[in-house]
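Treat the numbers as computed from the prediction; the structure is a model and nothing was measured.
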Amino acid sequence: MTETVSVEDLTKTYYDESRGEVQAVQQVNFSCEAGEVFGLLGANGAGKTTTLRMLATILAPTSGVARIMGYDVITEAIHVRQSLGFYSATTALYPRLTAKETIEFFMRINKYPADKVSERLDLLIERFNIGDYADARVDKLSSGMKQKVAIARTIAHDPPILIFDEPTVGLDVLNALEMQDIIKELKEQGKTILFSTHIMSEAERLCDRIAIIHNGQILTCNTLDILRQETGEHYLEDIFLYYVKGLS
Amino acid sequence: MASLADIRLIYVREIRMALRERHIVYYVVLLPIFMYPIMIWLMYTGMSFVIGQTEGFSSRIMMQQTAEAGREIETRIRAETRIKLLVVEDPLSAIKSGDLDLFIEIEPNPNFKDNVRLKFAYDSSKDRSRLAKDRLDNLITTFRSGYLESVGIDHGLTHAAYQKIWVLQKNVASQRDMGRFILGLMVPMLLIVMVAMGGMFPALDATAGERERSTWETMLSTATHRINILTAKYAYVVTLSAMAGMLNFLAVTISMRSVMAPLLGDRVDDISFSIPFSAIPLILLVTILLAMMVSAFMMIMAAFAKTFKEAQSMVSPFVALMVLPGGVLTAFPGIEFTTGLAAIPIVNICLLFRESIAGIYHWPQIGITVFTEFIGIGLMLWLATTILKYEDVMAGSFEGSFGKFLKQRVIRKGVRKDMDK
């Protein structure tokens with residue numbers, strides 16, 4: 001299997017006026033392969049989003065190395081951004097663009113070949129069933145429709161790596177299940193999916209490997225079966241508590 | 001590195017979104033075209049209505065005449081059609097309560113026989129009372145002048161000898177000069193306000209608005225350098241800001257005749273409201289420079305806000321502070337475009353604008369103005385670049401305002417920064 005993401009001793013420290021120096025992420029190590037769904041499981045404030053933001057080059061690491069498709073997140077940020085799609089908890093869409101304009105913009109800005117833009121646009125519109133409202137402004141769409149547009153926007157330039165930061169937060173059951181189906185489909189296409197969540201059932205259902213992150217540190221990282229063997233617990237919730245309480 | 005294709009792509013997207021936002025269209029297009037012409041027209045119509053109303057009033061005056069020598073002036077006052085004589089019990093209280101405009105006592109002058117002394121009581125805080133005093137002042141001046149002339153003639157003076165000085169006046173200003181003078185007084189102030197107002201909504205939308213919608217993070221994860229995103233956004237704000245200024249300038253210039261008509265009446269036909277063709281490139285340059293300066297400033301301020309409303313409350317007072325001195329200063333015709341004033345940003349643009357409208361070009365001052373503005377814009381852009389090197393400001397996690405940032409990071413330089421890649 002091809003290693004698509006590698007993270008070595010990734011650390012993020014920032015200064016907070018009230019708390020002083022804060023170590024949001026401490027020497028995190030992991031790697032991912034093509035066609036793998038890698039889950040970062042942790043409570044709020046555990047360091048999941050900071051880790052993903054560093055991989056997406058939104059934040060610069062304080063120390064350590066991270067590579068996406070072999071590109072360094074610090075020195076080759078543009079190549080890294082071109083190789084990944086970032087989906088955040090909010091749909092983060094421009095309300096005054098139409099669904100079609102949104103997807104096309106992200107395709108072009110992420111350097112998808114200009115001669116293939118039209119073809120892929122049609123493909124995405126068809127795949128996500130957004131033809132009926134492709135020319136409607138995003139602010140007129142329902143939350144389910146917005147979610148589809150946001151996913152289409154994330155994969156618009158067909159990146160090999162996809163980062164989903166708490167993708168099902170705020171979604172109803174049906175939309176959350178649809179999101180899970182899409183993630184499975186993307187995995188089948190050979191994409192590497194980095195996925196953060198605090199919902200145990202979701203991680204259980206989707207992730208090939210799970211990293212439990214707490215206070216900025218990865219406590220363990222393995223497949224669910226191995227985690228079960230190591231802890232003697234069956235449910236991920238209990239496995240999570242086993243590691244978190246064991247640390248405290 | 002900077003990519004023109006990326007800048008263009010983001011710029012077009014920003015403009016497209018802006019033209020679909022009701023508030024932006026209102027501030028950038030409708031307000032500049034319609035608000036000031038309509039506002040000024042309403043103001044002048046109101047003023048001329050009030051003046052007309054006041055002029056039409058009869059002055060309510062109580063006269064107490066006790067001097068034999070005062071008969072003649074008494075007759076004149078009684079003959080004045082715009083004066084209505086009343087008798088009240090307590091004239092001073094009546095003036096205070098607004099029931100009487102003026103009380104005049106005509107009494108003998110104890111120092112000079114055959115002279116009279118006139119004593120006025122009026123309320124200068126009331127329009128009608130002041131008008132009554134002015135009418136009596138004019139009446140007495142005319143009476144005294146006529147009296148002196150008749151006495152002079154009785155003593156053998158000719159009419160010509162009595163006059164001695166004959167005054168003939170001629171206004172050498174052409175219709176066009178008068179029009180340009182009026183435009184020069186009003187347009188710079190309106191332009192500077194409109195450039196600021198036109199740029200404000202886009203500046204806040206492009207910075208704090210992105211944060212509020214959570215689209216900023218997505219934008220930062222796209223495959224383009226951050227400098228491209230910022231350049232496109234800056235160009236977008238400058239475009240709309242300059243557009244608002246130019247539209248306002250055109251609208252005020254075109255509508256000035258109709259706007260001034262209520263105040264000037266028939267005299268408006270003696271004035272030609274036009275600007276010299278040669279001034280247009282300079283006016284364009286000046287407007288763009290002003291828009292660049294104001295936009296950079298507003299975007300810097302708004303970069304510290306997390307929501308649109310927060311940005312509005314951060315930016316508005318500073319915009320008013322920045323805009324008003326220059327605008328107000330140019331409304332005084334006595335202020336000249338000196339070398340010193342040419343070195344003060346924004347003030348210099350207003351004065352340059354005023355002179356360009358009048359077709360006057362002081363090239364050394366124009367050179368200093370352009371140079372000063374470029375320095376100012378350069379400083380703003382340097383500050384913006386410095387600010388954006390701080391990751392927490394760029395990512396939107398910095399807690400505090402522009403002032404706090406300056407104190408902590410620029411003056412003290414106490415906290416580490418993370419460079420943008």
Does the cation-pi check pass for B:Arg213 over A:Tyr94, that is, NZ or CZ under 6.0 Å from the six-membered ring centre and within 45° of its axis?
no
With a 6.0 Å cut-off (strictly less than), is the heavy-atom count around CZ of B:Arg8, excluding the residue itself, greater than 12?
no
On a heavy-atom basis, the closest approach of A:Arg96 and B:Arg20 is O-NH1, 2.9 Å
Measuring from A:Thr98:OG1 to B:Arg16:CZ, what's the distance to the nearest 0.5 Å?
7.5 Å
Non-hydrogen atoms of chain B under 4.5 Å away: do they reach the side chain of A:Glu76, the backbone, both or neither?
neither
Just give me the residue among A:Gln82, A:His79, A:Arg53 that pairs up with chain B most often, heavy atom to heavy atom, under 4.5 Å.
A:Arg53
Using non-hydrogen atoms and a 4.5 Å limit, figure out which bit of B:Leu19 sits close to chain A: side chain, backbone, both or neither.
neither
Does atom NZ of B:Lys404 have more than 12 heavy-atom neighbours from other groups under 6.0 Å away?
yes
Locate the shortest heavy-atom distance separating A:Thr57 from B:Arg226; write the atom from each residue and the value.
O-NH2, 2.5 Å
To the nearest 0.5 Å, tell me how far B:His225 NE2 sits from A:Ile78 CD1.
4.0 Å
Is chain B contacted by the side chain of A:Thr102, its backbone, both, or neither, given a heavy-atom distance below 4.5 Å?
neither
Tightest non-hydrogen contact, residues A:Ala92 and B:Ser214, listed as CB-O, 3.1 Å
More than 12 heavy atoms from other groups under 6.0 Å of NZ on A:Lys187
yes
Members of residues 104-114 of chain A whose heavy atoms come closer than 4.5 Å to chain B:
A:Phe105, A:Phe106, A:Arg108, A:Ile109, A:Asn110, A:Lys111
Donor-acceptor pair, distance only, cut-off 3.5 Å: does the side chain of A:Arg81 make one with the backbone of B:Ser221?
no
If you count the non-hydrogen atoms of other residues, nucleotides and ligands that lie under 6.0 Å from NZ in B:Lys306, is the total more than 12?
yes
To the nearest 0.5 Å, what is the distance between OG1 on B:Thr218 and CD1 on A:Ile58?
7.0 Å
